[in-house]
Amino acid sequence: MKSEPNECSIDDLVRLGRVPWTGVRNYQARNFMRDAMQVGDGVLFYHSSCPEPGIAGLARVASAAYPDATQFDAASPYFDPKSRPDAPRWLHVDVDQGRKTRLLPLAEMRQRPELATMGVLKPGSRLSITPVTPDEWQAVQALLATG
DNA sequence: GCCAACGTTGGC
DNA sequence: GCCAACGTTGGC
């Protein structure tokens with residue numbers, strides 16, 4: 001799951017304990033949260049749009065998907081005037097159990113053939129949420145465990 | 001700031 | 001349903 005650290009960094013998650021993953025406004029990313037995530041699933045916490053993009057920590061899916069309140073808040077940058085309260089368009093999960101790891105920079109991720117299949121590395125991928133296979137998860141853990 | 005990639009919008 | 005225009009993402 002990508003997050004801009006100036007919006008919500010891994011340090012913010014560790015400090016807050018639990019965070020609602022609001023603001024996702026892409027159907028594919030929404031569907032991953034709605035259909036593919038389960039409470040207890042592991043999360044790779046990725047810092048994007050920052051000086052050092054890469055995996056910055058681990059976390060856990062803490063809830064099933066539920067309606068994103070910011071879509072109905074006219075004062076929010078995530079306000080969606082086309083979404084109706086009786087048929088919410090945007091959903092999100094909560095995330096908790098943040099743990100900071102060493103930074104695994106995007107440049108290093110690209111060098112590792114075992115990570116080449118990861119959605120976040122696909123050319124032109126802009127999805128803020130992509131699924132991770134068990135093999136990819138294991139490969140990332142192994143890299144995080146090394147200096 | 002640049003720009004490639006991609007999603008969304010809306011006219012037809 | 002097509003597709004051009006436009007907006008956004010996000011690394012560099």
Side-chain angles (χ1 to χ4, degrees), chain A residues 1-16 19-37 41-96 98-133 135-147:
Chain A
M1 299 177 84
K2 292 184 190 172
S3 183
E4 301 185 15
N6 59 0
E7 297 275 331
C8 179
S9 68
I10 184 66
D11 291 317
D12 292 330
L13 175 59
V14 170
R15 180 166 46 83
L16 295 169
V19 159
W21 207 265
T22 55
V24 172
R25 294 296 180 267
N26 172 282
Y27 289 105
Q28 231 179 317
R30 179 204 65 182
N31 293 347
F32 285 138
M33 288 195 285
R34 186 189 61 191
D35 305 331
M37 286 188 181
D41 282 351
V43 172
L44 302 177
F45 196 107
Y46 180 94
H47 283 176
S48 69
S49 293
C50 60
E52 287 194 294
I55 294 171
L58 306 173
R60 188 192 76 123
V61 175
S63 79
Y66 62 99
D68 182 339
T70 64
Q71 69 196 303
F72 303 122
D73 176 2
S76 167
Y78 302 121
F79 178 59
D80 182 351
K82 288 187 242 173
S83 186
R84 310 194 52 85
D86 56 335
R89 185 180 289 197
W90 304 114
L91 310 172
H92 66 79
V93 298
D94 289 354
V95 166
D96 71 357
R99 277 176 293 151
K100 198 169 183 174
T101 63
R102 81 163 173 105
L103 182 76
L104 178 57
L106 176 61
E108 182 178 345
M109 295 175 71
R110 290 200 191 284
Q111 288 173 0
R112 310 301 289 198
E114 66 270 34
L115 303 188
T117 56
M118 290 188 74
V120 75
L121 299 183
K122 296 234 174 76
S125 167
R126 297 173 311 160
L127 272 182
S128 64
I129 297 176
T130 47
V132 176
T133 68
D135 282 351
E136 291 162 356
W137 176 271
Q138 280 307 117
V140 168
Q141 304 308 312
L143 285 172
L144 289 174
T146 70

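Keep in mind that what you see is a predicted model, and the values were worked out from it rather than measured.
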### Between P of C:dG7 and CG of A:Asp80, the distance in whole Å
17 Å
### Message
Nearest to the side chain of A:Asn26, heavy atoms from C-beta on, is which of B:dG10, B:dG7, C:dG10?
### Response
B:dG7
### Message
Output the rounded distance in Å from CD (A:Gln28) to P (C:dT8).
### Response
19 Å
### Task
State yes or no: are the ring centers of A:Trp90 and A:Tyr27 separated by less than 6.0 Å?
yes
### Message
With a 6.0 Å cut-off on the ring centroids, do A:Phe45 and A:Trp21 count as close?
### Response
yes
### Task
For the pair A:Arg30 (side chain) and A:Arg89 (backbone), establish whether a donor and an acceptor sit closer than 3.5 Å, ignoring hydrogens and angles.
yes
### Task
Report the distance from atom CD of A:Glu52 to atom C1' of C:dG10, rounded to the nearest whole Å.
16 Å
### Query
Nearest-Å distance, CG (A:Leu127) to P (C:dT9)?
12 Å
### Query
Please give, in whole Å, the distance from C:dG10 C1' to A:Arg110 CZ?
10 Å
### Query
With respect to the side chain of A:Ser49, which nucleotide from B:dG7, C:dG10, C:dC12 is positioned closest?
C:dG10
### Summary
Atom OH of A:Tyr27 and atom P of B:dT8 are separated, to the nearest Å, by 7 Å
### Task
State, without any angle test, whether A:Thr70 and A:Asp68 hold a side-chain donor-acceptor pair at a distance under 3.5 Å.
yes
### Query
From the list B:dT9, C:dC12, C:dT8, which nucleotide is the closest neighbour of the side chain of A:Lys82?
B:dT9
### Message
In this structure, how many angstroms lie between the P atom of C:dT9 and the NZ atom of A:Lys2, rounded?
### Response
10 Å
### Task
In whole angstrom, give the distance that lies between atom CG of A:Leu121 and atom C1' of B:dA5.
16 Å
### Query
For A:Tyr46 and C:dT9, is the shortest distance between a side-chain N/O and OP1 or OP2 below 4.0 Å?
no
### Selected nucleotide, minimal atom distance to A:Ser48 side chain, candidates C:dG11, B:dT8, C:dG7
C:dG11
